[in-house]
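Only heavy atoms go into these numbers, but all of them, side chains included; no hydrogens, no water, no symmetry mates.
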Amino acid sequence: MLLEVWKTVSSKYVAAAGWLAPSSRIPTQRFSTKPDDKHAYITAPKTGIIMLNLGGPETTQDVHDFLLRLFLDKDLIPLPAQSWLAPWIAKRRTPRIQEQYEKIGGGSPIKMWTDMQGEGMVKLLDKMSPQTGPHKYYIGFRYTHPLTEDTLNQMEKDGVQHAIAFTQYPQYSCSTTGSSLNAIYRHFQKTTGSKMKWSVIDRWPVHNGLVQAFANNIKAELKKFPKDVQDDVVIVFSAHSLPLKVVGRGDPYPYEVAATVQAVMHQLEYSHPYRLVWQSKVGPLPWLSPQTDEVIKGFAKLGRKNLLLVPIAFTSDHIETLHELDLEYAGVVAKECGITNIRRAASLNDNPVFIQALADVVNEHLISGKPHSVQLTLRCPMCTNPVCGKMREFFCGHTPKK
């Protein structure tokens, strides 16, 4: 039994965390969610925006606790005897995952990127929507600090009036955005007296700014191919896969990812042939396919040997881009099967167009006065998690004032 469970939760599942090599760029200012924040607002923020993501260990010493929280999350990885099995898996996996982080730079910079994105976003919002300001961003990670629950406590302490749960996954999945929203719901079932009014940005797969940022990065990378092959490049959009068992319950993720791809290609005027493919499959059970590495091999056999990889479902660099795409696929698989030219489009990171898009998404949400998207009211038709329904009742019951 343990062997079968182990097969389904091997190391690549941890890749959902997201990280990249350290950058020389350091944010000039950070608003942490710790009580001793040196940059705390003198005036209570009227609007607090919690940016939701899985997070990633900042040092190799943080890896074990990160893995433990990840494997204890039933929304992401339901396991039999989870309270016992999760610590066992985390302890067993820690050395290997630490080695992977060492290869990329020793820790995850996802907090750094989120700080950059959040700082730029609220600066723009204070100018775009002064009536809902001052605005303050917060970071809510699921598996590493600042943890979502700690951040919620800090928002209460800061006196936030209108709290916005802003997912950093443009395409909704129960395993990612759903897990973070469930965590918020669970937190407020254990606390009383909250005065914050909630709304949620639960998906934004075809937002104009997001689409433009992706398109710009693709155009820039295409120009780096040899001129004589630029018109022959195949654009390979790669997104994290999902088990078909999850998809079969009605999870909207694959359709929303496809919507992003179509919007980006429309912006590019369908200049190149393209495919949407899936990476990071784990274990023996069927997942969304075709898999990215198999697609690279397949195109090589067909003589299409100029490929541009585009991570289409992430808002910053992380393990699937820097290790899986760059090192495993472009660095090893492509060479072994004879690909002539393979490149990867830059991730969004601190791209000014993307940061403007973040501000636009929030501003449009504020102007609309709607507490959530219409889609959030709809559970997956084959949903097996009762918390999902209660979470929706929680967010749908909050109507913040304009």
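Taking the six-membered ring where tryptophan is involved, the planes of Tyr270 and Tyr274 are tilted, since the angle between them lies from 30° to 60°. Ring planes of Phe395 and Trp198: perpendicular class, angle over 60° (limits at 30 and 60°). Below 30°, between 30° and 60°, or above 60°: for Trp88 and Trp84 the angle between ring planes is below 30°, a parallel geometry.
For Glu269, the CD atom sits in a loose shell: 12 or fewer heavy atoms of surrounding residues, nucleotides or ligands are nearer than 6.0 Å. A 6.0 Å sphere centred on OH of Tyr255 holds no more than 12 heavy atoms belonging to other residues, nucleotides or ligands.
Shown here are the side-chain hydrogen bond (donor to acceptor under 3.5 Å, both in side chains) partners of Arg344, two or more places apart in sequence or in another chain: Asp317, Asp326, Ser347. Applying the salt bridge (charged side-chain N to carboxylate O under 4.0 Å, His left out) test to Glu102 and every residue at least two apart in sequence or in another chain returns nothing. Remark: Arg186 pairs with Asp75 by the salt bridge (charged side-chain N to carboxylate O under 4.0 Å, His left out) rule, at least two apart or across chains. When the side chain to side chain contact (heavy atoms under 4.5 Å, CB included) test is applied to Arg379, the partners found at least two apart in sequence or on another chain are Cys383, Cys388, Arg392. Looking at residues two or more places apart in sequence or on another chain, you find a salt bridge (charged side-chain N to carboxylate O under 4.0 Å, His left out) between Glu221 and Lys224, Arg343. Asp73 is linked by a salt bridge (charged side-chain N to carboxylate O under 4.0 Å, His left out) to Arg142, counting only residues two or more places apart in sequence or in another chain.
Of the candidates His372, His162, Lys370, His162 is the only one forming a side chain to side chain donor-acceptor pair (under 3.5 Å) with Ser199. Phe141 pairs with exactly one of Leu52, Thr114, Leu54 by the side chain to side chain contact (heavy atoms under 4.5 Å, CB included) rule, that one being Thr114. Tested against Ile312, the residues Thr260, Ile218, Ile235 include a single side chain to side chain contact (heavy atoms under 4.5 Å, CB included) partner, Thr260.
Side chains of Ser238 and Gln279: a donor on one and an acceptor on the other come within 3.5 Å. A side-chain donor from one of Glu324 and Ser280 sits under 3.5 Å from a side-chain acceptor of the other. Side-chain contact check for Asp360 and Gln356: at least one donor-acceptor pair (N or O, by modelled atom type) lies under 3.5 Å. A donor-acceptor pair shorter than 3.5 Å can be found between the side chains of Asp115 and Tyr137. Between the side chains of Asn182 and Ser179, no donor-acceptor pair of N or O atoms lies under 3.5 Å. A donor-acceptor pair shorter than 3.5 Å can be found between the side chains of Asp202 and Ser373.
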Kindly indicate, with the supporting measurements, whether the criterion side chain to side chain donor-acceptor pair (under 3.5 Å) is fulfilled by Asn216 and Gln212.
CA-CA 6 Å; Asn216 288 353; Gln212 188 64 61; 2.7 Å; yes

Could you go through the side chain to side chain contact (heavy atoms under 4.5 Å, CB included) check for Leu376 and Leu181 one step at a time?
CA-CA 11 Å; Leu376 188 66; Leu181 297 182; 4.1 Å; yes

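Between Thr377 and Cys396 the shortest side-chain heavy-atom distance falls below 4.5 Å. Side-chain contact check for Trp278 versus Trp287: every heavy-atom pair is 4.5 Å or farther apart. Annotation: side chain of Tyr138 is not in contact with side chain of Leu152 (no heavy-atom distance under 4.5 Å). Side chains of Arg275 and Pro290 form no contact here, defined as non-hydrogen atoms less than 4.5 Å apart. Two residues are said to be in side-chain contact when any heavy atoms from C-beta on lie closer than 4.5 Å; Thr315 and Leu358 fail this criterion. Counting only heavy atoms from C-beta outward, the side chains of Pro87 and Leu68 approach each other to under 4.5 Å. Counting only heavy atoms from C-beta outward, the side chains of His240 and Ser173 never approach each other to under 4.5 Å.
For the atom pair OG1 of Thr94 and CD of Gln61, the computed distance is 11.5 Å after rounding to the nearest 0.5 Å.
Taking a cutoff of 4.0 Å between a charged side-chain nitrogen and a carboxylate oxygen, Lys297 and Glu294 qualify as a salt bridge. We find that Lys123 and Glu119 are joined by a salt bridge, their nearest charged nitrogen and carboxylate oxygen being less than 4.0 Å apart. For the pair Glu58 and Lys111, the salt-bridge criterion is not met [side-chain N within less than 4.0 Å of a carboxylate O].
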